[in-house]
Number of protein chains: 2
Amino acid sequence: MFDLLYKKITEKITLTEDEFELCKPLFSQRKLRKRQFILQEGDVSRYNIFVGKGLLRSYTIDEKGGEHILQFAFEGWWTADLYSFFTDEPSLFNIEALEDSELLMITRPSWESLLNKLPAIERYFRILIQNSLIATQRRLIGSLSETAEQKYLKFVKAYPESIQRVPQHMIASYLGITRETLSRLRRDIASGKSFP
Amino acid sequence: MFDLLYKKITEKITLTEDEFELCKPLFSQRKLRKRQFILQEGDVSRYNIFVGKGLLRSYTIDEKGGEHILQFAFEGWWTADLYSFFTDEPSLFNIEALEDSELLMITRPSWESLLNKLPAIERYFRILIQNSLIATQRRLIGSLSETAEQKYLKFVKAYPESIQRVPQHMIASYLGITRETLSRLRRDIASGKSFP
DNA sequence: ACGTTAAATGGTCAATTGACCCCAGCCACT
DNA sequence: AGTGGCTGGGGTCAATTGACCATTTAACGT
């Protein structure tokens with residue numbers, strides 16, 4: 001699992017293996033069973049979480065009980081309720097395993113000590129967050145301007161493995177449509193009646 | 001204008017006035033008339049832009065000619081097409097002045113040299129981008145889960161001055177609804193027929 | 001002051017989508 | 001093997017909203 005983390009970090013910054021060895025003791029490891037929660041709404045998000053194996057989703061529940069998915073975190077991805085992680089305010093999000101998963105987790109004090117020890121890591125997280133901001137902005141502007149079908153096709157193209165690994169009704173709630181609407185638009189696509 | 005920039009930076013990090021003096025020569029200044037563009041879709045976003053005075057909007061145009069606003073940048077705010085700024089790829093966004101505006105602008109090479117000269121600035125931008133990511137995530141999950149009315153009331157509460165400074169039809173396109181729908185829901189709110 | 005443009009309001013109509021519901025197949029657990 | 005839960009598909013119906021349109025009001029430029 002640390003191999004994947006090292007690989008992901010060195011895709012973006014220069015970090016020696018010796019420097020990386022300094023990082024390792026700051027992480028705890030955790031295994032999650034499918035459907036197990038690592039964070040629940042109302043609790044504080046005490047960890048920044050790296051997915052070594054498996055798949056997590058981060059979602060809110062609205063006043064009518066509907067679920068709205070902010071993120072699927074595949075292998076190599078980070079996830080947390082960032083606001084809660086940095087402010088110790090109660091989390092808005094639940095984070096749940098969609099598959100048996102293995103995680104690396106770092107608390108905020110450890111994370112800050114890491115940034116002090118290795119300033120290059122500050123740069124790594126800035127790049128990470130920056131890329132996440134760009135992607136989130138793109139998704140937001142897409143949700144304002146695209147048809148549900150365009151959104152679905154884009155999602156499937158960006159994350160082809162999600163078709164096998166993520167239930168359709170969760171894809172629907174990531175896209176902001178009901179599962180019935182997604183079923184209908186998949187039928188239209190399959191029958192050639194689509195106009196994307 | 002540099003006073004406002006210094007104030008904004010020192011809200012987040014420690015920076016001496018001597019250190020700030022090192023920053024100033026890296027910025028160019030620009031005045032914009034109302035309706036003037038500082039970036040057009042298809043061009044490269046060569047500057048990261050700080051709004052000293054005035055108001056900008058960042059928006060895309062969809063295939064039917066509809067406008068979708070990603071951001072209003074009030075005084076003290078930064079704006080750019082971040083993806084384009086960092087990759088030199090053509091911008092997806094237009095950035096236009098809603099009022100006569102005064103801007104501080106920094107190119108990417110200057111910005112990188114600034115980060116090398118003053119590593120604390122890397123931290124400032126990470127915090128800035130992090131807060132922007134948190135806000136964008138909140139807005140995205142809101143656009144999936146909230147009624148248009150909830151979105152409008154939240155917007156007005158967060159940015160009360162926008163009522164005087166931003167046309168209603170632009171607020172509509174920031175919220176992802178038509179100007180007709182916004183007009184109707186404002187009527188319902190004013191007449192007490194609303195159910196937020 | 002006047003003419004033009006921009007902005008806001010609001011009516012009508014149709015289409016899309018959510019909500020509700022049912023069914024069939026698959027999977028996990030006992 | 002049996003049962004319950006999960007997942008996906010799809011029908012029906014009603015409501016919300018977009019699109020189109022017209023009118024009024026406000027702002028801007030000469």
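So you know, we letter chains A, B, ... as the sequences are listed, proteins then strands, and number each from 1. As a basis for the values below, the full set of heavy atoms in this structure was taken, side chains included, without hydrogen atoms, waters or symmetry mates. What you are looking at is a predicted structure, and each value in this text was computed from that prediction instead of being measured.
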**Request:** Please assess B:Glu122 against B:Arg126 for the test salt bridge (Lys or Arg N to Asp or Glu O under 4.0 Å), listing each intermediate value before the final yes or no.
**Result:** CA-CA 6 Å; B:Glu122 173 105 55; B:Arg126 183 194 35 92; over 6 Å; no

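What separates CZ of A:Arg165 from C1' of D:dT7 is a distance of 18 Å, to the nearest Å. Rounded to an integer number of Å, the gap from CD of A:Gln164 to C1' of C:dC26 is 16 Å. A:Ile189 places its CD1 atom 16 Å from the C1' atom of D:dG10, with the value rounded to the nearest Å. Rounded to whole Å, atom P of D:dG11 lies 11 Å from atom CG of A:Asp188. The CD-C1' distance, from A:Glu67 to D:dT7, rounds to 14 Å in whole Å. Atom CG of B:Leu98 and atom C1' of C:dA7 are 14 Å apart (whole Å). B:Arg187 places its CZ atom 18 Å from the P atom of D:dT23, with the value rounded to the nearest Å. As rounded to whole Å, 10 Å separates atom C1' of D:dC6 from atom CE of A:Met170.
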Under 3.5 Å, N/O pairs linking protein and nucleotides 15-21 of chain C:
residue : atom : partner  : partner atom : Å
C:dG18  : OP2  : A:Thr178 : N            : 3.4
C:dG18  : OP2  : A:Thr178 : OG1          : 2.9
C:dG18  : OP2  : A:Thr181 : OG1          : 2.2
C:dG18  : N7   : A:Arg184 : NH2          : 3.0
C:dC20  : N4   : A:Glu180 : OE2          : 2.7
C:dC21  : N4   : A:Arg179 : NH2          : 3.2
C:dC21  : N4   : A:Glu180 : OE2          : 3.2

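Side-chain nitrogen and oxygen atoms of A:Lys34 include none within less than 4.0 Å of the OP1 or OP2 phosphate oxygen of C:dA28. Taking side-chain N and O atoms only, A:Arg35 has no distance below 4.0 Å to OP1 or OP2 of C:dC27.
We find the CD-OG distance between B:Gln130 and B:Ser132 to be 10.5 Å, quoted to the nearest 0.5 Å.
A donor and an acceptor atom, one from each side chain of B:Ser145 and A:Asp62, are nowhere located under 3.5 Å apart.
Tested against A:Glu99, the residues A:Lys53, A:Lys34, A:Arg165 include a single salt bridge (charged side-chain N to carboxylate O under 4.0 Å, His left out) partner, A:Arg165.
Using bins of under 30°, 30° to 60° and over 60° for the plane-to-plane angle, the ring pair B:Phe85/B:Trp111 lands in the perpendicular bin. Ring-plane geometry between A:Tyr59 and A:Phe37 is classed as tilted, the angle between the planes lying from 30 to 60 degrees on a 0 to 90 degree scale. Taking the six-membered ring for Trp and thresholds of 30 and 60 degrees, B:Trp78 and B:Phe27 have ring planes inclined between 30 and 60 degrees apart.
In this structure, the nucleotide among D:dG8, C:dA8, C:dG11 sitting nearest to the side chain of A:Arg186 is D:dG8. Listed nucleotides D:dG11, C:dA8, C:dG10 differ in distance to B:Gln168; the shortest reach to its side chain belongs to C:dA8.
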